[in-house]
Amino acid sequence: GAVVSQHPSWVICKSGTSVKIECRSLDFQATTMFWYRQFPKQSLMLMATSNEGSKATYEQGVEKDKFLINHASLTLSTLTVTSAHPEDSSFYICSAPDRLAGGETQYFGPGTRLLVL
Amino acid sequence: KQEVTQIPAALSVPEGENLVLNCSFTDSAIYNLQWFRQDPGKGLTSLLLIQSSQREQTSGRLNASLDKSSGRSTLYIAASQPGDSATYLCAVDAYGNNRLAFGKGNQVVVIP
């Protein structure tokens, strides 16, 4: 089946630094990818929709200047957490639908756990 | 705004028992509903997808039902096995645009 990878799987950084997370579709093209965030014991919350070749669409309450999304190719979307603070510590996970396979089944990456000190 | 609730939050069952996991959603106007499995440190694996026009879907020991009018879905896992231990997530796609609203999950432990 289709595979989505994320890198890195773990990242620890100091407050104020920026962190980039990559999401790749390994064996299919993804014109759209989704970024979710999950805090402990909470549900996954959709942050933004990443669109290849155009601007991302952010959900209400998500700061677009803080969470920069770039979808420069059909297999790669990146999420950059700028000037990270401890409250940004969370589990970030991306997903991508395989449009050629019908598009309703989404494939999720393994997630990236971010800890901001 | 669609809100998805899963009950119980956690449960433990002895091996061989049937599992019943419940999901409710506030807005019955949905496009589809999916059940996922999440293992620690790993991504989500899609288990079953039910279209809004369907009442149930089955795959092996798994059966998911959908009652759109009452805003409920139930995932049944027959004859549970220790390998079924995981967190099960229910997610609703309201418009068919792949933007999912998730519940908090049912954390399941199957005791050998």
Side-chain angles (χ1 to χ4, degrees), chain A residues 1-10 21 23-26 28 30-52 56-62 77 91-99 101-114, chain B residues 1-11 21-26 30-54 57 59 62 64 66 73 86-107:
Chain A
V3 176
V4 173
S5 70
Q6 275 184 250
H7 177 80
S9 55
W10 262 101
I21 302 170
C23 176
R24 292 182 186 272
S25 57
L26 297 185
F28 67 101
T31 56
T32 303
M33 292 183 174
F34 300 91
W35 287 97
Y36 292 84
R37 179 170 55 181
Q38 185 179 34
F39 292 107
K41 299 192 183 299
Q42 299 298 312
S43 59
L44 274 77
M45 294 296 293
L46 180 64
M47 299 175 65
T49 302
S50 174
N51 303 299
E52 187 269 332
T57 305
Y58 291 82
E59 297 298 309
Q60 191 174 10
V62 177
S77 173
F91 185 64
Y92 293 85
I93 191 166
C94 67
S95 73
D98 184 351
R99 301 287 184 196
E104 290 180 336
T105 299
Q106 290 204 55
Y107 300 94
F108 283 78
T112 297
R113 198 162 295 280
L114 170 64
Chain B
K1 179 185 175 183
Q2 182 73 267
E3 293 192 4
V4 181
T5 303
Q6 291 187 244
I7 296 172
L11 71 160
L21 308 178
N22 296 300
C23 170
S24 61
F25 45 95
T26 54
I30 66 170
Y31 185 81
N32 64 42
L33 181 146
Q34 297 184 62
W35 282 92
F36 293 88
R37 170 182 172 139
Q38 185 177 27
D39 293 285
K42 296 186 179 180
L44 279 64
T45 301
S46 179
L47 298 174
L48 291 168
L49 183 151
I50 312 176
Q51 301 289 357
S52 63
S53 59
Q54 297 176 320
Q57 278 286 348
S59 175
L62 275 60
L66 174 64
S73 176
T87 296
Y88 292 84
L89 300 175
C90 171
V92 172
D93 183 346
Y95 302 107
N97 56 10
N98 298 123
R99 292 169 63 235
L100 302 181
F102 281 88
K104 291 183 181 181
N106 306 106
Q107 186 175 9

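On a predicted model such as this, the values are computed, not experimentally measured, just so you know. Note on naming: letters A, B, ... go to the chains in the order of the sequence lines (proteins, then strands), and numbering restarts at 1 for each one. Any value given below was found using the heavy atoms of this structure, including those in side chains, with hydrogens, waters and symmetry copies removed.
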Taking only residues two or more places apart in sequence or in another chain, which ones pass salt bridge (charged side-chain N to carboxylate O under 4.0 Å, His left out) with Glu59(A)?
Arg99(B)
Salt bridge (charged side-chain N to carboxylate O under 4.0 Å, His left out) against Arg24(A), all qualifying residues, sequence neighbours excluded:
Glu22(A)
Heavy-atom distance under 4.5 Å to chain A: side chain of [X], backbone, both or neither?
X: Leu49(B); value: side chain
X: Gln51(B); value: side chain
X: Asn97(B); value: backbone

Considering heavy atoms only, which positions within residues 32-40 of chain A lie below 4.5 Å of chain B?
Phe34(A), Tyr36(A), Gln38(A)
Where does Ile93(A) contact chain B at under 4.5 Å (heavy atoms): side chain, backbone, both or neither?
side chain
Nearest heavy-atom neighbours spanning Lys41(A) and Lys104(B)
O-CD, 3.6 Å
Minimum heavy-atom distance Ser43(A)-Gly103(B), with the two atoms named
CB-O, 3.2 Å
Output the distance between atom CG (Leu100(B)) and atom OG (Ser95(A)), rounded to the nearest 0.5 Å.
6.5 Å
Could you name the residues of residues 32-39 of chain B that have a heavy atom within less than 4.5 Å of a heavy atom in chain A?
Asn32(B), Gln34(B), Phe36(B), Gln38(B)
